Amino acid sequence: MEMATFTLSSRTINSLTQKTLPLLTKNTKPHFPFSLCLTLRASKSTLRAVSMSYDKELDAAKNAASLAARLCQKVQKALLQADVQSKSDKSPVTVADYGSQAVVSFVLQKELGSASFSLVAEEDSGDLCNEEGNATLQRIMKLVNETLSSDGTYGTAPLSEEDVLSAIDSGRSEGGPSGQHWVLDPIDGTKGFLRGDQYAIALGLLDEGKVVLGVLACPNLPLSSLASHNLQDAQDKVGCLFYAQVGSGTYMQSLDGSTPIKVHVTDLDNPEEASFFESFEAAHSLHDLSSLIAKKLGVKAPPVRIDSQAKYGALSRGDGAIYLRFPHKGYREKIWDHAAGYLVVAEAGGVVSDAAGNPLDFSKGRYLDLHEGIIVTNQKLMPALLKAVKESLNEKASSL
């Protein structure tokens, strides 16, 4: 007898799984072909990771991050053209931060629907909802509306104060292990933004506690490798968009929309030839510990210090081989500081873990619970790096 064949969508499979797995665990005889029963015995999270497609979400995320980058570029350009005294004024980055979050939130909800929209993000509108914050709110509203209208895709009436505040406050979600949650850092690297250096709009998507999509818009990162980039060459093009979907690899294109290219971490296996990234600001990471680890590995090149998750993007295309981040005691890492960058590197063949080699867990809410710090490299270098990290941490602890 010829068996009929049929195709189930990934969402239908997921729905079947929810209804059928409880029956299977009670030894109820399933009324499905044997091959389908085997599939349904797999864990829900495995099924979801293998079968789900996030193409629609990825397109929306790329659009949202690119538009937010356009907004930030406009603010940074005005900031850098201003007089020296105004550069100590933090209000431009405040406006850009809130504006970026409002744009990303609006675009995602516009393209994907807002019925079950959940966003874990850095900002909320509390400081804007008083008399002192009204002037800032007006600047944000003007900037957001200018950015949206310049794109032409979202033919809508100008957003009101209430619309902008609502878009910002959609970022109050706590995340967690169930459902889908967007994770956003509207401007990662505010110090770099103020200096005119590196920053990123970092947007990721969690599904059942796992990062399944990551987008990094890096307006000041050169399209060419940092290793070969000539800072004096004004012709060198800057502005990169990195994006990754679970199981599909990592791609890079220019922010203005060039043809995407697939990128991969370096395949370097000799630590002595490696170069490493770390935070620009000593306040963000223990540079002395990174230096000790590099010495143990035999790394000869000086560290490359740049702000933001642009480091993840640069490492995903092989600009460097190692990224070390060791926050000062008492600091708790937030998921928006690493979610997008984590997937961009992982899908490019890299490894991201805490200092003990444990995988990062983004399912616990707004914070990452880590052992000591975060280390990033390729598969070949990870064993030697973990050994050097462990030895260095032990030495540091014994010297206290």
Side-chain angles (χ1 to χ4, degrees), residues 209-211 214 264-316 318-400:
K210 305 293 185 185
V211 188
H264 201 277
V265 296
T266 177
D267 61 358
L268 197 69
D269 59 4
N270 183 357
E272 292 185 10
E273 298 174 7
S275 60
F276 69 95
F277 295 111
E278 63 180 2
S279 300
F280 186 93
E281 301 285 340
H284 294 168
S285 186
L286 299 172
H287 286 174
D288 58 338
L289 179 57
S290 297
S291 178
L292 180 59
I293 294 165
K295 185 176 180 181
K296 285 186 178 296
L297 286 169
V299 173
K300 294 180 172 60
V304 179
R305 292 174 177 163
I306 60 175
D307 302 277
S308 83
Q309 288 178 68
K311 292 184 285 291
Y312 280 109
L315 195 141
S316 76
D319 288 9
I322 298 168
Y323 167 31
L324 303 172
R325 179 177 170 92
F326 294 96
H328 291 267
K329 191 173 179 61
Y331 180 80
R332 292 184 75 189
E333 295 280 7
K334 288 89 169 176
I335 62 172
W336 54 74
D337 286 325
H338 299 282
Y342 156 80
L343 194 72
V344 163
V345 165
E347 285 296 316
V351 189
V352 185
S353 77
D354 71 10
N358 303 310
L360 304 189
D361 185 353
F362 293 91
S363 70
K364 300 292 182 63
R366 294 169 75 87
Y367 294 94
L368 283 169
D369 292 323
L370 299 169
H371 177 79
E372 299 287 353
I374 293 176
I375 58 177
V376 187
T377 189
N378 64 23
Q379 302 271 359
K380 296 176 181 177
L381 290 173
M382 184 56 90
L385 178 57
L386 276 172
K387 181 173 182 289
V389 167
K390 183 178 180 180
E391 290 175 357
S392 299
L393 286 171
N394 289 339
E395 283 184 25
K396 193 170 186 293
S398 64
S399 67
L400 296 177

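Since we're looking at a predicted model, the values are computed, not measured.
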Quiz prompt | Contact summary for G209 and S363, nearest pair of heavy atoms | solution = CA-CB, 3.7 Å
Exercise. Working to the nearest 0.5 Å, report the span between CG of D354 and CD of E372.
Key: 9.0 Å
Quiz item: side-chain contact (heavy atoms from CB on, under 4.5 Å) between R325 and F277: does it pass, once the steps are laid out?
Solution: CA-CA 9 Å; R325 179 177 170 92; F277 295 111; over 6 Å; no
Self-check item: From CG (L385) to OG1 (T377), nearest 0.5 Å
Solution: 6.0 Å
Quiz item: Under 3.5 Å, is there a donor-acceptor pair between the side chain of K311 and the main chain of I306?
Solution: yes
Quiz item: Any side-chain heavy atom of Q379 within less than 4.5 Å of one from D267?
Solution: no
Quiz prompt | Reported CZ-to-CZ distance for the pair F276 and R305, which is rounded to 0.5 angstrom | solution = 7.5 Å
Practice problem: Taking the side chain as every heavy atom from C-beta outward, state whether L360 and L370 have any atom pair closer than 4.5 Å. | Solution: yes
Exercise. Test K334 against Y367 for side-chain contact (heavy atoms from CB on, under 4.5 Å), laying out the working first.
Key: CA-CA 4 Å; K334 288 89 169 176; Y367 294 94; 4.1 Å; yes
Self-check item: Non-hydrogen atoms of V344 and G214 that approach each other most closely
Solution: CG2-O, 4.0 Å
Practice problem: Return yes if some donor-acceptor pair links the side-chain N/O of Q309 with the main-chain N/O of D337 below 3.5 Å, else return no. | Solution: yes
Quiz item: Roughly how far, to the nearest 0.5 Å, is the CG atom of L381 from the CG atom of L297?
Solution: 8.0 Å
Quiz item: Relative to each other, are the rings of Y323 and Y312 parallel, tilted or perpendicular (30° and 60° limits)?
Solution: perpendicular
Exercise. Search all heavy atoms of G373 against all heavy atoms of P327 and return the closest pair with its distance.
Key: CA-CD, 4.1 Å
Practice problem: Report yes or no: does S316 contribute a side-chain atom to a donor-acceptor pair with the main-chain N or O of G313 at less than 3.5 Å? | Solution: yes
Quiz prompt | side-chain contact (heavy atoms from CB on, under 4.5 Å) assessment of V352 paired with L343 | solution = CA-CA 9 Å; V352 185; L343 194 72; over 6 Å; no
Exercise. Can you see which heavy atom on V211 is nearest to which on A339, and at what distance?
Key: CG1-O, 3.6 Å
Quiz item: Any idea which heavy atoms bring V265 and N378 closest together, and the distance?
Solution: CG2-CB, 3.9 Å
Quiz prompt | Short side-chain to backbone donor-acceptor contact, K296 and V389, under 3.5 Å | solution = no
Practice problem: Inspect the surroundings of NZ in K390 and state if more than 12 heavy atoms from other residues, nucleotides or ligands are less than 6.0 Å away. | Solution: no
Quiz item: When rounded to the nearest 0.5 angstrom, what distance separates CE in M382 from CD1 in I375?
Solution: 4.5 Å
Exercise. Give, for atom NE2 of H371 and atom CG of N358, the distance between the pair rounded to the nearest 0.5 Å.
Key: 8.0 Å
Quiz prompt | Minimum-distance pair of heavy atoms, taken over all atoms of V299 and A274 | solution = CG1-O, 3.2 Å
